[in-house]
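Okay, so here's the structure we're looking at.
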There are 2 protein chains.
Amino acid sequence: MSDSTLPEHIADQLRRDILRGKLPPDTTIKERDNAAELGVSRTPMREAIRILAKEGLVVLRPSRSPVVAQPTVKEVHDQVVVLLALEKLSAQIACHEATEADLDELDSLSQQIAEAYDTADALDLFEIDMAFHRKIAEAAHNAALADTHRSYLARLWRARFLSATMRRNRERVVSHHSAIMTALRDRDPVAVEVALDQHLGNLAEDIVAAMEADNAARKAEAEAPEGTKQKGQT
Amino acid sequence: MSDSTLPEHIADQLRRDILRGKLPPDTTIKERDNAAELGVSRTPMREAIRILAKEGLVVLRPSRSPVVAQPTVKEVHDQVVVLLALEKLSAQIACHEATEADLDELDSLSQQIAEAYDTADALDLFEIDMAFHRKIAEAAHNAALADTHRSYLARLWRARFLSATMRRNRERVVSHHSAIMTALRDRDPVAVEVALDQHLGNLAEDIVAAMEADNAARKAEAEAPEGTKQKGQT
DNA sequence: ATGATGTTTTTGGTATACCAAAAATCGTTG
DNA sequence: CAACGATTTTTGGTATACCAAAAACATCAT
């Protein structure tokens with residue numbers, strides 16, 4: 001994923017910090033300070049910020065410091081709807097476009113998830129799961145579709161991560177994945193749509209629940225800071 | 001559409017030039033020269049180029065001048081597939097989310113097209129048509145969906161324009177639009193899907209035909225250039 | 001004390017200068 | 001004459017300097 005260009009590196013760095021919660025929502029990203037902190041100039045930092053803005057992770061305000069985006073529940077829900085639609089479309093197209101190699105790779109990924117489910121670290125597991133879904137999009141052999149799907153997957157990283165760590169359910173995930181796989185193997189567009197609806201249909205509400213829990217936790221923490229509440233951050 | 005920021009203005013300018021064919025595919029966009037030409041500095045020009053790159057209108061190459069993208073027929077076709085899917089999704093959601101005001105606006109746009117079809121300039125007409133389809137996406141009240149849809153609409157501007165100017169068919173367009181409208185008024189997701197399939201289903205092949213014709217024309221011209229080609233590229 | 005207003009400071013927007021990598025050109029040599 | 005290589009030139013990448021708008025702050029008048 002890491003491009004070799006400096007702004008991409010910076011963007012990757014910031015993205016990680018944002019998605020992992022190190023930079024909580026509403027944190028200002030001052031291009032001067034952040035650039036200095038990373039030992040780079042404002043120009044590439046600026047470009048990196050634009051990349052993240054395009055991804056929806058930070059919001060730009062005219063003549064004001066960009067801030068880490070705080071997506072509302074509705075916004076995330078809306079994005080999940082689009083992600084689901086894109087993935088369903090991908091899977092349908094994949095029914096007549098996927099190569100055997102694609103299906104084998106999907107099998108492999110699905111198997112990896114099943115094997116690693118109990119042993120692996122949640123983060124690693126999550127990466128494999130993302131790879132599985134990304135691969136479905138790629139199996140349609142439609143570059144635009146895969147691109148847009150990947151973009152949504154990335155944008156929803158944090159929300160999906162929250163949801164996934166909250167309710168891990170091995171049986172559900174594994175059986176859903178295998179249902180998707182058999183439908184793809186059968187190249188049956190209807191079955192694949194059903195399977196995906198099943199698997200991702202609850203994703204929206206899971207994510208909503210996870211976000212609300214997270215918001216509540218964050219709010220509680222904000223209201224009871226340890227000791228003195230100094231104004232002014234940094 | 002015009003944002004008030006300088007890079008956006010530059011991007012708009014370049015986008016027009018590219019989409020209208022003033023900057024044909026494979027033209028290099030040298031940030032120094034182009035910036036000087038517009039009387040701005042390299043920094044905003046650079047940013048503008050990145051915007052267009054994100055939209056797929058120009059391709060960036062490491063340590064090389066960006067060039068105007070020359071999308072292959074397959075690439076455009078793939079994009080049309082996604083656009084169609086997004087618009088169908090929008091319309092389906094709009095069936096239970098659209099307000100009366102949304103529907104009225106759609107009516108108005110659809111009417112404008114019918115009225116202006118024979119009198120208006122093809123470009124104006126096309127703008128209205130784009131507004132109609134964009135409004136469908138907006139009627140779903142899903143910001144992410146509308147955004148992505150708009151991005152595809154913009155990206156396919158040139159291809160759709162080629163296709164539209166090539167085969168103008170008043171009856172077809174008008175009746176299709178009214179079919180879409182009635183389906184939306186009835187808030188009937190199935191009917192709206194049928195109507196959109198009808199309207200946009202042939203779009204893919206229309207565009208393919210138009211692009212092939214355009215490519216042939218361009219190729220013929222390139223093989224018989226009129227006289228001197230000055231200090232150009234390639 | 002409070003609100004308005006002027007000043008200072010912060011910060012993003014833009015221009016420009018400098019650098020390094022990659023082409024293209026030209027000269028040299030086998 | 002061709003092919004290889006050094007040099008020059010082109011061009012994007014990066015750093016920095018300057019500017020303007022907006023927010024924060026302080027001061028003054030009511």
Side-chain angles (χ1 to χ4, degrees), chain A residues 1-15 17-18 23 25-70 229-234, chain B residues 1-15 17-18 23 25-69 228-234:
Chain A
M1 208 202 242
S2 298
D3 221 291
S4 55
T5 112
L6 182 53
E8 273 290 350
H9 272 306
I10 300 172
D12 286 351
Q13 177 81 32
L14 285 178
R15 188 172 14 233
D17 290 348
I18 294 174
L23 296 177
D26 270 343
T27 308
T28 62
I29 313 261
K30 300 190 256 271
E31 58 182 49
R32 231 176 281 260
D33 296 2
N34 278 68
E37 197 167 321
L38 284 174
V40 298
S41 169
R42 280 178 60 202
T43 318
M45 168 62 68
R46 190 181 166 73
E47 195 164 312
I49 291 175
R50 301 308 159 120
I51 292 174
L52 297 179
K54 205 79 177 176
E55 294 176 5
L57 288 176
V58 306
V59 299
L60 304 172
R61 308 167 302 176
S63 308
R64 199 63 129 283
S65 288
V67 296
V68 176
Q70 183 161 35
K229 73 165 61 163
Q230 318 239 42
K231 67 146 184 196
Q233 17 97 265
T234 324
Chain B
M1 205 196 251
S2 298
D3 219 292
S4 55
T5 113
L6 182 53
E8 272 290 350
H9 272 305
I10 301 173
D12 286 351
Q13 178 79 35
L14 285 177
R15 188 172 16 233
D17 289 349
I18 293 173
L23 296 176
D26 270 344
T27 307
T28 62
I29 313 264
K30 300 191 258 270
E31 57 181 48
R32 230 176 281 260
D33 296 2
N34 278 66
E37 197 167 320
L38 284 173
V40 299
S41 169
R42 280 179 60 202
T43 317
M45 168 61 69
R46 190 182 167 74
E47 196 165 310
I49 291 175
R50 301 309 159 120
I51 293 174
L52 297 179
K54 205 79 177 178
E55 295 176 3
L57 287 177
V58 306
V59 299
L60 303 172
R61 307 167 301 176
S63 307
R64 201 64 129 282
S65 288
V67 294
V68 176
T228 63
K229 182 88 175 168
Q230 71 262 33
K231 68 140 192 181
Q233 46 281 355
T234 306

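Order of the sequence lines fixes the chain letters, A, B, ..., with proteins taken first and strands second; residue numbering starts at 1 for each chain.
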Which donor-acceptor pairs under 3.5 Å do side chains of residues 49-56 of chain B form with protein atoms, sequence neighbours excluded?
residue : atom : partner : partner atom : Å
R50(B)  : NH1  : E47(A)  : OE2          : 2.8
E55(B)  : OE1  : R15(B)  : NH1          : 2.5
E55(B)  : OE2  : R15(B)  : NH1          : 2.5

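Residues meeting the side chain to side chain contact (heavy atoms under 4.5 Å, CB included) test with A69(B), sequence neighbours left out: V59(B). With sequence neighbours excluded, the residues that form a side chain to side chain contact (heavy atoms under 4.5 Å, CB included) with T43(A) are S41(A). For Q70(A), the side chain to side chain contact (heavy atoms under 4.5 Å, CB included) partners are P25(A), D26(A), not counting sequence neighbours.
Of all the heavy atoms in E31(A) and R46(A), the pair that sits closest is OE1-NH1, 3.5 Å. Between K30(A) and S65(A) the shortest heavy-atom distance is CG-OG, 3.7 Å. A pairwise comparison of heavy atoms in L23(A) and V68(A) identifies O-CG1, 3.7 Å as the closest pair.
Contacts between residues 37-45 of chain B and DNA chain C, counted as heavy-atom distances below 4.0 Å, involve V40(B), S41(B), R42(B), T43(B), P44(B). The stretch residues 48-55 of chain B does not touch DNA chain C, since none of its heavy atoms comes less than 4.0 Å from the strand.
Taking the 5' to 3' direction, DNA chain C first and last meets chain B under 4.0 angstrom from a heavy atom at dT14(C) to dA23(C).
Q13(A) CD to E37(A) CD: the interatomic distance, rounded to the nearest 0.5 Å, is 9.5 Å. Residue L38(A) holds its CG atom at 11.5 Å from CG of D33(A), rounded to the nearest 0.5 Å.
Residue contacts shown for L60(A) are absent, as no nucleic acid heavy atom lies under 4.0 Å away. Using a 4.0 Å heavy-atom criterion, one finds that P62(B) contacts no nucleic acid atom at all.
When each of R32(B) and R64(A) is assigned the nucleotide of DNA chain D bearing its nearest heavy atom, the one mapping closer to the 5' terminus is R32(B).
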Practice item. Kindly indicate, with the supporting measurements, whether the criterion side-chain contact (heavy atoms from CB on, under 4.5 Å) is fulfilled by L14(B) and N34(B). Key: CA-CA 10 Å; L14(B) 285 177; N34(B) 278 66; 3.9 Å; yes
